[in-house]
Amino acid sequence: MTAHHRFSISFLLLTALAGLFWSCDDGSNGNGSLDTDPLVAGDNEFLSANPNYNPGDVYTDSDSDGDSDSDGDSDSDADSDGDAEREIEEADIVQIVDETLFALSEYRGLVAIDISNPASLRVIGRYQTQGVPFEMYVRDGFVLPIFSSFWQYRFNEETFEYDDNTTSLLLAVDARDPAAMEEVGRFELPGVISDSRVVGDVLYAVTFEDGYCWNCNEMPRTVVSSLNISALTNVQVVDQLAFDATGYWGGRRSIEVNNQRMYVSGENYTGDSETSHSTIQVVDISDPGGDLVEGATIDVAGQITNRWQMNEYNGILRVISQPGWGNVTTPRVETFEVQSAESVVPLGSLSMTLPEPESLMSVRFDADRGYAVTFENTDPLFVIDLSDPANPAQVGELEIPGWLYHMEPRGDRLYAIGYDDQSSTSMAVSLFDVSDPANPTQLERVNFGPEWGHMPEDQDRIHKAFRIFDEEGLIVMPFSGWSSNAAGYRKGYHSGIQLIDFTADDLTLRAVVPHKGEARRAFFHDGNLIAMSDERVEAYNIADRDDPRLLSGVKLARWVYRTVPAGDYVAELVGDWWTREARLEIHSIDDPDSFEPVGILDLSSLRPEEA
């Protein structure tokens with residue numbers, strides 16, 4: 001088999017299933033965006049006006065106070081026990097250092113792109129791997145990408161045969177010269193990566209072993225690993241803790257982190273729909289060197305399906321969960337006094353009052369507030385008063401159409417991304433006035449996208465796609481999905497970045513920035529919008545938000561259906577069944593995987609029309 005044939009086969013096999021940053025930049029610039037000083041409405045103090053992103057060279061969720069979320073909830077209170085120096089960082093699939101964008105693509109691995117000239121983006125380096133990228137960190141010129149489904153060919157000493165095995169993997173890549181990136185370390189993380197954080201000089205990774213993965217425990221368990229990254233040429237595993245799964249079924253865990261403690265939890269079913277509950281495992285991560293200490297195990301009434309349901313604030317852990325399995329019951333609010341990682345004492349609880357039993361859909365905390373949304377055609381938004389932790393109180397509710405997937409508090413305003421209703425998956429961004437917790441009101445809702453739209457990330461990571469740029473007065477939301485024809489069949493594929501102007505009282509739908517592939521991220525750089533999917537990165541001028549203008553772009557990947565060598569060149573038949581594109585590309589036989597072809601012939605007109 002020739003090299004270019006091996007490449008084509010490998011390239012197609014690398015396609016796999018699809019991994020923070022959102023911004024509340026500082027200050028109002030007179031365009032109606034929200035002020036970033038802490039807001040107070042009556043007796044209600046909010047933390048969500050504090051910015052979590054300082055414009056600079058590197059995208060990170062850490063701010064100068066060590067808080068990593070703007071609302072002071074998940075991954076907040078980082079310095080509540082002292083040690084403000086240990087800032088918290090979250091990984092993402094994109095990171096910017098100076099004028100270089102590092103992008104993790106499902107199809108291309110790690111790619112470095114020069115974005116110094118938005119009118120001429122160009123690839124300046126690539127580090128190819130065979131794993132499925134999850135997310136990455138960048139520090140001092142080194143990239144720390146994390147991969148799941150990392151395939152390796154290993155000798156099985158029990159069967160005396162070679163097996164294909166998959167695991168999760170952390171790499172340390174020297175990217176100080178992006179054109180010559182070099183691996184300087186790798187660390188296996190058996191199982192499936194759930195999430196990670198960097199706190200100070202320690203990277204914490206949480207993985208789930210289902211009992212069948214390579215080199216995993218025979219029984220399902222969750223493993224927390226710590227790696228010291230203070231010396232990036234010599235990253236070392238410091239410690240590990242393993243926690244056996246309970247119940248009949250479990251999966252990847254969600255985590256809430258501050259610089260003293262990590263809370264680890266997830267779905268956990270015992271088989272009894274009436275008593276099925278979850279546990280939250282506390283891990284003491286206060287040691288700056290990375291030593292882990294097993295803390296308390298907390299029983300909570302219901303299921304934890306995402307990170308936003310757990311939150312520590314001022315020494316109080318607050319949890320909103322959904323008890324039961326199969327039979328829908330009412331969500332439960334629970335509070336706990338965190339005396340230390342080893343001692344967490346129950347304080348209060350509240351069984352929420354619902355118009356009818358419904359499933360819990362999304363949760364968010366903001367200082368002494370909690371917000372919860374349930375799932376039905378017409379869903380209530382509930383406001384929970386947590387100012388007296390021993391006596392949580394349900395103080396207000398609002399019926400809204402559709403349901404909310406994720407909420408972003410901004411003081412006495414609440415912005416949310418969700419779906420319009422159950423009969424359609426058309427997306428919607430909503431704005432709520434929550435200044436009076438007893439009477440929340442919906443100020444505005446705008447719908448966008450095709451009938452069958454879907455989010456680019458799960459609930460643990462959707463805040464990295466749904467971005468609120470306070471200084472710009474702009475919300476951006478990547479999306480993709482299908483429209484249907486009169487017969488109800490899928491007709492057209494759509495993908496792009498929806499632009500939405502916002503003020504404290506209004507939302508205005510602006511243009512969709514078209515973006516091929518499944519749009520996953522959008523952010524500003526030097527005044528221009530950079531959009532990314534696993535297939536491409538593009539720069540747009542959006543000075544006119546009703547008429548975005550493409551400046552330039554680079555393709556990260558292409559679907560190659562067939563290759564034919566021809567002398568010093570290789571002809572590749574390239575297509576995309578989503579966008580109906582088809583073309584013939586010619587590449588040098590010495591570099592069939594090049595980013596830019598020698599020649600292109602558009603064949604799209606030869607494809608048959610869809611029914």
Side-chain angles (χ1 to χ4, degrees), residues 19-20 58 60-62 66 68 75 78 83 85-93 95 102 104 110 127 129 131-148 150 152 167-176 181-209 213-217 221-243 252-253 255-264 281 283-295 341:
L20 140 89
V58 181
T60 173
D61 68 337
S62 301
S68 64
D75 298 354
D83 196 6
E85 305 258 331
R86 298 183 66 221
E87 295 183 349
I88 303 173
E89 300 175 46
E90 285 200 32
D92 201 1
I93 59 173
Q95 302 282 357
F102 291 98
L104 269 182
L110 176 60
Y127 186 81
T129 63
V132 178
F134 182 70
E135 290 177 327
M136 66 178 162
Y137 298 91
V138 176
R139 175 178 285 205
D140 298 333
F142 288 78
V143 180
L144 302 171
I146 303 172
F147 296 86
S148 61
F150 197 94
Q152 301 181 80
T167 187
S168 295
L169 189 76
L170 170 71
L171 296 182
V173 178
D174 185 346
R176 288 174 292 185
M181 289 188 278
E182 179 183 7
E183 181 181 317
V184 295
R186 63 170 52 200
F187 310 91
E188 288 189 11
L189 302 168
V192 178
I193 183 72
S194 296
D195 214 336
S196 70
R197 296 289 188 279
V198 164
V199 184
D201 288 328
V202 180
L203 189 155
Y204 299 93
V206 180
T207 53
F208 177 73
E209 303 180 14
C213 51
W214 167 257
N215 205 27
C216 290
N217 194 54
R221 66 177 187 174
T222 294
V223 178
V224 180
S225 304
S226 62
L227 298 94
N228 191 305
I229 59 172
S230 58
L232 292 164
T233 57
N234 187 31
V235 177
Q236 296 290 328
V237 176
V238 178
D239 204 357
Q240 286 187 323
L241 286 178
F243 307 102
R252 285 168 46 168
R253 308 286 93 176
I255 61 175
E256 199 264 1
V257 182
N258 59 47
N259 65 15
Q260 303 296 310
R261 288 170 289 277
M262 174 186 293
Y263 297 92
V264 185
Q281 179 63 56
V283 179
D284 186 336
I285 61 169
S286 59
D287 176 45
D291 285 341
L292 303 172
V293 177
E294 181 175 346

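Hydrogens, waters and symmetry mates play no part in the numbers below; they use all other heavy atoms, side chains included. Please read these numbers as outputs of a predicted model, since none were measured by experiment. Numbers here simply count residues along the sequence, with the first being 1.
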Separation of Phe243 CZ from Thr222 OG1 (nearest 0.5 Å): 8.5 Å
Arg176 backbone acceptor or donor facing Asp174 side chain under 3.5 Å: yes
In sequence, state the C-alpha distance, the side-chain angles, and the governing distance for Asp140 and Leu232, and then conclude on side-chain contact (heavy atoms from CB on, under 4.5 Å). CA-CA 8 Å; Asp140 298 333; Leu232 292 164; 3.9 Å; yes
Minimum heavy-atom separation for Gly191 to Ser168, with atom names? O-OG, 2.7 Å
Tell me whether Ser226 contacts the main-chain N or O of Tyr204 through its side chain, where contact means a donor paired with an acceptor under 3.5 Å. no
Among Val238, Val237, Asn228, Val198, find the residue that satisfies the side chain to side chain contact (heavy atoms under 4.5 Å, CB included) test when tested with Leu203. Val198
Ignoring hydrogens and angles, tell me if any N or O in the side chain of Ser148 forms a donor-acceptor pair with the backbone of Ile193 under 3.5 Å. no
Are any of the side-chain heavy atoms of Val184 and Phe142 separated by less than 4.5 Å? yes
For residues Ala242 and Arg221, report the shortest heavy-atom separation together with the two atoms involved. CB-NH1, 3.5 Å
Is any side-chain heavy atom of Val257 closer than 4.5 Å to one of Ile285? yes
Using side-chain heavy atoms (C-beta onward) and a distance below 4.5 Å, is Ser196 in contact with Tyr137? yes
Steps toward side-chain contact (heavy atoms from CB on, under 4.5 Å) verdict (Thr207, Ser194): CA-CA 5 Å; Thr207 53; Ser194 296; 5.7 Å; no
Could you check whether any side-chain heavy atom of Val206 comes within less than 4.5 Å of a side-chain heavy atom of Val223, counting everything from C-beta outward? no
Close side-chain approach of Tyr263 and Arg253, heavy atoms under 4.5 Å: no
Determine, for Arg197 against Glu89, whether the closest basic-nitrogen to carboxylate-oxygen distance falls under 4.0 angstrom. no
Heavy-atom side-chain contact between Leu227 and Val202 under 4.5 Å: no
With rounding to the nearest 0.5 angstrom, report the CG to CD distance, Leu171 to Glu183. 5.0 Å
Can you confirm whether Ile146 sits close enough to Leu169 that some side-chain heavy atom of one is under 4.5 Å from a side-chain heavy atom of the other? no
Donor-acceptor contact present, side-chain Gln95 to main-chain Met136, <3.5 Å: yes
Closest approach of Glu135 and Ala91, non-hydrogen atoms and distance? CB-CB, 3.5 Å
Please tell me if the side chains of Val173 and Leu144 come closer than 4.5 Å, counting only heavy atoms from C-beta onward. no
Would Asp201 and Arg139 count as a salt bridge (Lys or Arg N to Asp or Glu O under 4.0 Å) if you check the C-alpha gap in whole Å, the side-chain angles of each, and the deciding distance to 0.1 Å? CA-CA 10 Å; Asp201 288 328; Arg139 175 178 285 205; 2.8 Å; yes
Which pair of heavy atoms, one from Pro288 and one from Arg86, lies closest together, and at what distance? CA-NE, 3.9 Å
With rounding to the nearest 0.5 Å, note down the distance linking CG in Leu292 to CG in Asp239. 4.5 Å
With a 3.5 Å distance limit and no angle check, can you tell me whether Asp195 reaches the backbone of Ile255 through a side-chain donor-acceptor pair? no
